[in-house]
Structures are given as structure tokens and as C-alpha cells.
Peer 1: 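Before I ask anything, let me first share the structure, which is written out below as C-alpha cells.
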Amino acid sequence: MDSMTFSTTKNTNFKCRYTQAPATKPAKMKDTILEHYHRHFDGHPILVVAPGRINIIGEHTDYNEGFVLPAAIDKCLHFALANSGEEQSTICAAGYGETVRFSANTPQNELPVWARYIHAIFAELTERGHTPRGIQGVFGGDIPIGAGLSSSAALCCGFVFGIAALQQLDFSRVEMAHIGQAAEHRTGLNCGLMDQYAVLFGKKDQVLYLDCRSLQYRYAPLRYPGHSWVLINSNVKHQLAAAPGYNDRRESCEKVVAAVRQNGVAAHSLRDVRAEALEAVRKKITTVEYQRAAYVLEENARVVQMVEALKNGNIQTAGNLLFQSHEGLRHQYEVTIPELDLLVKLARKDPAILGARQIGGGFGGCTLNLVKKEEVAACMARILLAYREETGIAAEFFPVKIEDGVHLAAPS
Ligand code: GLA
């Protein structure tokens, strides 16, 4: 991992060490995966690139049929895949140094976590009436695991895309998104569709304004002149599928919808619930359920406001919405952790940062920061130093680059 000595602004005459996440060149990563493939297997594989994602705003709104504003980023997984010519699949996860051989009959719990996702895709394809044959190949990349950047959606969607190309399965990207989501459900996370849509429909330099009810979307440019979007990885990893926190939140939302319905209001999801309808059932639900539902209603409204703010170049509003979103995630939805709260607190105090919030499912991972461009390096140095002093953890930052969604790559 690169780390470099950096002096901050002219006014602060201290030097500090901070870590900028190393940017691996995509072509180099592709070559590494390809070399890896040829060390293990014969034949000519196809190459697939599947990005991770950020989400500007709209957290935990997707499974409530609300709005989200994600984008695919330049951190990605590369796959080199071919048909294995047999029922068994042999997949190598370069980053873990593990190779696993399995078939549909292999019990999921005998596999390492990463292989469970691939196994789940085979199971899902079979349940949908296909007869997928075995695959051999290698994958790896630079999406930090457990950082809220959807490495699992990249794995699932990249693999579905690859197997579809190799076995002439004529799936649309919408179908691939649903298969990817179903694979996550099979591994234990009752997620929405935001991650899969971002990974599959991402477009260079654009965010995806997605209505998770109709699944209609449009693209919007994500640019404020003179400002940058920067991720800070707290380096506290989450394991969403392994812990109950995420699914538990989703259940709370569903309970509130049921209570609203019992009260005579036609509601399919929290998207249909107005603030008055929520107030009307307040005594019938727990305080925790009330707070969670209130958060979702407010966060959904914030996505709409953020889209307006982006369109009008209203950067102060955009920054405030980020801070408000974080407060909601912290106090109402209760999915933040002290380290992420600290990063946002430091961001609030920093004159170069207009807004910041935790992104993704929560319980660890990254904050997304809207930062004055000229001051990115100095301000990150300040924040990472203070974070390290308080937590003992070395965080890292990387400026966001928005890229295309899943695609085939040509061999170099
Ligand atoms: C995870 C899930 C998504 C979404 C986010 C929170 O990333 O996979 O479906 O719910 O958390 O917004």
C-alpha cells in the first residue's frame, strides 16, 4: 500500500503521513487476471469488468420502493472466464489466493463466502429453468471488501454477465440485475436492487437516478465545478449478510407498512406512506419502527432534493443533504458506527468539506465527501491524521471516478 509524506497547507507547518488508496491501472489488473488464468487453465477466456458503486444519496430506500442516486466507479473486479466443459466449476479468487471446485450439489455452507455468491447464481439460474454448465476462471480487482462499495454485487453481476455470454443465455441487463439480487438473497442479505442497477447500468461521468418502484431511471451529470467527490474508507469492514442489522431494518419497514394498511390506507411499501399516515399508526408500532420509517420517508425526499440541487448547481444544499442523510442513518436508522460518525464529525469541522455521509448498507465502510477541489489533499491529510489519532486506524481516501457498468474487455 502506498503511503507518502505530505505537507498540508502553508498555514499549517506540520507534516503528516496519510494514505491515498493506490490506483491500480485497469489494463494492468486485467493482465494480472489473464496471466493468472493461463497459469491454471487452458483455452481462451472472455474478460469481464464489473465495477463497484457509490451512492450519492438514498440509503435504505431501494427496498422501500423509493429513489436512489448511485453510480458505478473505477474500482472494479476483472474476470477471465471460460466454459469448463464439465458440470463442475473451478473458480479462483485471486485476491484470496483460493481456488474452489464445486457443482450445484455442493452444500453452500462448505464454500468460502465469495464462492457462495457464485454457487447461488448457478442455483438461481437452475431455478429459473436454465441448465448452466460449469465455468472455469479467475477473478480479482481493487474494490475494497466490506467497504460499502458493493463488491458482492460486482461479483454476482459480473459473473452472470460472463456466464450469459459464454453459454448464450439471452438475458437483458434487467434480468441480470434480478438474478444478482436473488443470489444475494440466497446468501442471506435481503437487499434491494440499487447495487445491481448501478453495477449493470452505470455510465461514465453520470449518476443513475433510479425509481426503485418502476425501475425507470435517467442519468444526470455529477459535476460541481471546483469540487470533487472523495471516498474515505474507514477500514472498518462490515459483513452485511452475516449480521442481522440489515434484514432487521427491512422487516421494521415492512411491519410499518402492514400497520398503515391495517389502518385503512392502501400501501404497498413505505413509498406509499405519507407522514400523516405514519403519525396515525405511531401508537401501534414501536418507537424504533417509527424512527426507521420516518428516516426512510425523509431520505426519499432528500434524493429528490439532491437531484434538484445537482441540476441547479446548488452546492451548499447538496452538502447539507449529505450531512442530514448521515444524521438520519445515525440517529433514526441506527446503522452507523462510531468510526464513521467520527469521519463525518471531522468533515463537519473542516472548511474544505461541504458535506459527508456514510454510504452503503452501514455498520462500517466508507464516507462520501463533497470537497473543494484545490483542497482535497490537504483536507484529507487533516482528517486522516485526526482519525488515526482517535481510533488508531489508518484510513485511506480516493477521489471518485465514475465509469461504465459491466462490460466485456478486449485482451490487451
Ligand atoms: C446494501 C444493499 C442495497 C441497499 C444499500 C443501502 O448495499 O445491497 O440494496 O439497500 O445497502 O442503501
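Just so you know, ligand 1 is whichever comes first in the structure, and atom 1 is the first atom listed for that ligand.
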Peer 1: Within 45° of the ring axis of Phe161 and under 6.0 Å from its six-membered ring centre, is that where the NZ or CZ of Arg173 lies?
Peer 2: no

Peer 1: Is the number of heavy atoms from other residues, nucleotides or ligands within 6.0 Å of NE2 (His331) greater than 12?
Peer 2: yes

Peer 1: Can you sort out which atoms of ligand 1 are near Asp195, meaning under 4.0 Å from one of its heavy atoms?
Peer 2: 1 (C), 2 (C), 3 (C), 7 (O), 8 (O)

Peer 1: Suppose I only count heavy atoms of Tyr63 and a 4.0 Å limit; which atoms of ligand 1 are within that range?
Peer 2: 10 (O)

Peer 1: Indicate yes or no: does an N/O atom of Asn55 lie under 3.5 Å from an N/O atom of ligand 1?
Peer 2: no

Peer 1: Under 3.5 Å, side chain of Arg250 to main-chain N/O of Asn190, donor-acceptor pair present?
Peer 2: yes

Peer 1: Measure from NZ or CZ of Arg282 to the centre of the six-membered ring of Tyr290, then state whether that distance is under 6.0 Å and the direction lies within 45° of the axis.
Peer 2: yes

Peer 1: Could you tell me, atom by atom, which parts of ligand 1 come under 4.0 Å of a heavy atom of Met194?
Peer 2: 4 (C), 5 (C), 12 (O)

Peer 1: Around atom CD of Glu86, are there more than 12 heavy atoms from other residues, nucleotides or ligands closer than 6.0 Å?
Peer 2: yes

Peer 1: With a cut-off of under 6.0 Å to the ring centre and 45° to the axis, is Arg348 in cation-pi contact with Phe323?
Peer 2: yes

Peer 1: Give the residue and atom name of whichever protein heavy atom lies nearest to atom 4 (C) of ligand 1, and the separation in Å to one decimal.
Peer 2: Asp62 OD2, 3.3 Å

Peer 1: With heavy atoms only and a cut-off of under 4.0 Å, state how Arg53 meets ligand 1: side chain, backbone, both or neither.
Peer 2: side chain

Peer 1: Do Tyr246 and Val335 come close enough that some side-chain heavy atom pair is under 4.5 Å?
Peer 2: no

Peer 1: Before signing off on this row, confirm whether Thr61 and ligand 1 have an N or O atom pair separated by under 3.5 Å.
Peer 2: no

Peer 1: N/O to N/O below 3.5 Å, does that happen between Tyr246 and ligand 1?
Peer 2: yes

Peer 1: When only distance counts, is Gly192 in polar contact with ligand 1, meaning an N/O pair under 3.5 Å?
Peer 2: yes

